[in-house]
Structures are given as C-alpha cells and as structure tokens.
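Atoms within a ligand are numbered from 1 in the order they appear, just like the ligands themselves.
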Amino acid sequence: MNLKAYSDLIEECKSKNITLVAVSKTKPVEDILALYNLGQRDFGENYVQELIEKEEQLPKDIRWHFIGHLQSNKIKQIISFVHLIHGVDSLKLLKEINKQSEKINKTTNCLLQIHIAQEETKFGLDENELNEIIRQFDNSTIKNVNIVGLMGMASFTNDKNQITKEFQYLKSLQLKLKTENFKLQTLSIGMTADYKIAIEEGSTMIRIGSLIFGERN
Ligand SMILES: *Cc1c(COP(=O)(O)O)cnc(C)c1O
C-alpha cells in the first residue's frame, strides 16, 4: 500500500470538498482496515460476492460504494447496506433497486452511469437514454431511489485532451439536468490515471484503487 499517496490524496480531497472512494476490489480486508484506522470510511467494490464477504467482516460504519456493473438479480444481496450505487444504466435496474429498497423501507442513493469513453465496451447511458430515464423517473412511482448524480469513465488513453473533453461533456450534462427538478450534486469521475484532470473538470467524487492499494493482479 502507498500510505503517503493516500494522505496526499485525502488532504487534497478535504481542501476541495471531494469525496475520496478507496477502491478496494481484489484487495484483502487487512488493507481496508489499515485505511479505516486512518479514518477512511468510503470504500468501493465491483463484485457482489466479494462485497458481501468483506461487509460481513468489517466495521459497520463503512460506506460501501458499488461501482461495478450490477445485475438486477443481485441487488437484494447488497441493498440493505450499500451506501451508493454508481453504475445504474437502465430504467429496469432503477426499478428493481426501487422495488428491493421499498421492501426494506429504505431509500437508496444512485448515480446514473453515462457512456463518455470512445471504447464500445464500457457500460453506460447515452444522452437520449439519460433524458428518457430522467423523464420517466420524474413522474412515476419510483419513490425509494434518489438519483444524486452522474458517473463516468473516460477512455483508456494517454491523450489528456481527449479525457478532458469527455469529463467536460459529462459535466455539461450535469449542468443541463440541474435546471430541472433534480439535484444531481455528485459527479463521480476520476481514477488513478486521470483523477487530476477529473478534479480540474469538477469532480466531486474520485474513485482511486491502485494508487492507494498498489497494482491489482
Ligand atoms: C477499478 C475501478 C476504479 C479504480 O481504478 P484505479 O485505476 O485502480 O484507480 C475506479 N472506478 C471503477 C468503476 C473501477 O472499476
């Protein structure tokens, strides 16, 4: 682990009012605890099974962020404790999160994931799909979900201009939608390779894994 990098990051985040999500996927609970003992509470995981196992073993005041691609049939396994679901990219998923939340009398905070990268493989909504979801959400019975912001992953490239453009595009969507009924305060952008650009472009939440925990296998 790189605790120096962590303390630099957390300083910067505090001074800029940014939430640092420590992405602990594939890393052992000992590493999470080490960071927890330094005061870190927001952790991100990508896989349902791994998240469940870690949640059982770790302190209950951890705020677990689900940042992977969530399948509808797995929502009920994490709904009771998940703090924020970052990767919502369909109305179907949103409705299922709502249904499972309603059952346990909870309101679940979600981010809509927008496709901003050039690669075909990355998940996420395009602008039309985003508008459609917002429209349906707006006047419907989805009461146990709060859409609190947007999330995106930039292209895997060294081209800083390209990354900047993609983050700016996401920011522009956030601003457009802010004028309506929604308060999309959260902009979840920035990973190890591109968080500096993300912060310049208005990130309110960065998701950092390898810089803190070391490379994953
Ligand atoms: C793994 C992952 C991260 C963290 O990536 P690093 O490059 O290790 O910082 C952030 N966001 C998502 C969605 C991820 O899957």
Side-chain angles (χ1 to χ4, degrees), residues 1-13 18-29 31-32 34-35 40-54 62-71 74-75 78 82-90 93 97 109-125 147-160 162-164 166-167 169-171 174 186-217:
M1 288 175 75
N2 187 343
L3 295 181
K4 169 78 172 84
Y6 172 72
S7 68
D8 290 348
L9 267 177
I10 199 73
E11 285 277 301
E12 180 171 9
C13 285
I18 293 168
T19 303
L20 171 60
V21 179
V23 176
S24 47
K25 64 185 176 205
T26 79
K27 299 296 177 182
V29 290
D31 289 6
I32 298 176
L35 228 52
Q40 180 66 23
R41 290 295 178 273
D42 292 274
F43 290 91
E45 289 283 340
N46 287 53
Y47 309 104
V48 167
Q49 195 52 41
E50 184 179 347
L51 172 54
I52 292 168
E53 283 165 21
K54 287 175 170 171
I62 286 181
R63 294 184 288 269
W64 291 106
H65 296 246
F66 192 82
I67 64 172
H69 193 251
L70 186 57
Q71 290 168 279
K74 296 200 170 158
I75 295 168
I78 62 168
V82 74
H83 172 70
L84 179 62
I85 300 175
H86 287 233
V88 178
D89 65 355
S90 73
L93 192 58
I97 294 169
N109 290 331
C110 294
L111 303 178
L112 296 176
Q113 182 172 357
I114 313 301
H115 181 104
I116 57 172
Q118 291 171 310
E119 292 105 39
E120 289 285 332
T121 52
K122 290 192 176 153
F123 295 104
L125 304 159
I147 300 176
V148 297
L150 303 177
M151 178 269 209
M153 288 168 83
S155 295
F156 187 71
T157 173
N158 290 324
D159 182 349
K160 288 191 174 160
Q162 179 63 28
I163 296 172
T164 302
E166 292 170 3
F167 287 153
Y169 170 65
L170 192 60
K171 176 77 195 175
Q174 182 201 26
T186 302
L187 197 58
S188 170
I189 49 173
M191 306 167 43
T192 293
D194 57 23
Y195 75 90
K196 288 186 178 142
I197 303 173
I199 289 175
E200 277 170 23
E201 300 310 328
S203 175
T204 70
M205 187 174 273
I206 57 175
R207 311 176 308 269
I208 307 291
S210 30
L211 180 61
I212 299 171
F213 291 106
E215 293 294 325
R216 290 176 297 273
N217 293 327

Legend entry - Any H86 heavy atom less than 4.0 Å to ligand 1: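 Distance cut 4.0 Å: H86 fails for ligand 1.
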Legend entry - N or O contact, M153 vs ligand 1, cut-off under 3.5 Å: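 No.
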Find all atoms of ligand 1 within a distance of less than 4.0 Å from any non-hydrogen atom belonging to [X], and give their numbers and elements.
X    : result
N46  : 14 (C), 15 (O)
T192 : 6 (P), 7 (O), 8 (O), 9 (O)
I208 : 9 (O)

Inset, instruction - Side-chain contact test, heavy atoms from C-beta onward, threshold under 4.5 Å: evaluate it for T26 versus N217 and give yes or no. - result: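 Not touching, per the 4.5 Å side-chain cut-off.
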Is there a donor-acceptor pair under 3.5 Å between the side chain of [X] and the backbone N or O of [Y]?
X    : Y    : answer
S24  : K27  : no
D194 : M191 : yes
T157 : D159 : yes

Legend entry - Nearest-contact summary for atom 13 (C) of ligand 1 - protein heavy atom, Å: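 Checking every protein heavy atom, the shortest distance to atom 13 (C) of ligand 1 gives I67 O, 3.5 Å.
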Legend entry - M191, R207, K25: member with heavy atom nearest to atom 2 (C) of ligand 1: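 Among M191, R207, K25, the closest heavy atom to atom 2 (C) of ligand 1 comes from K25.
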Inset, instruction - Applying salt bridge (charged side-chain N to carboxylate O under 4.0 Å, His left out), name anything that partners K25, two or more places apart in sequence or on another chain. - result: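 Applying salt bridge (charged side-chain N to carboxylate O under 4.0 Å, His left out) to K25 gives none.
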Legend entry - Taking every non-hydrogen atom, the tightest pair across F123 and Q113: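 In this case the closest contact between F123 and Q113 is O-NE2, 3.4 Å.
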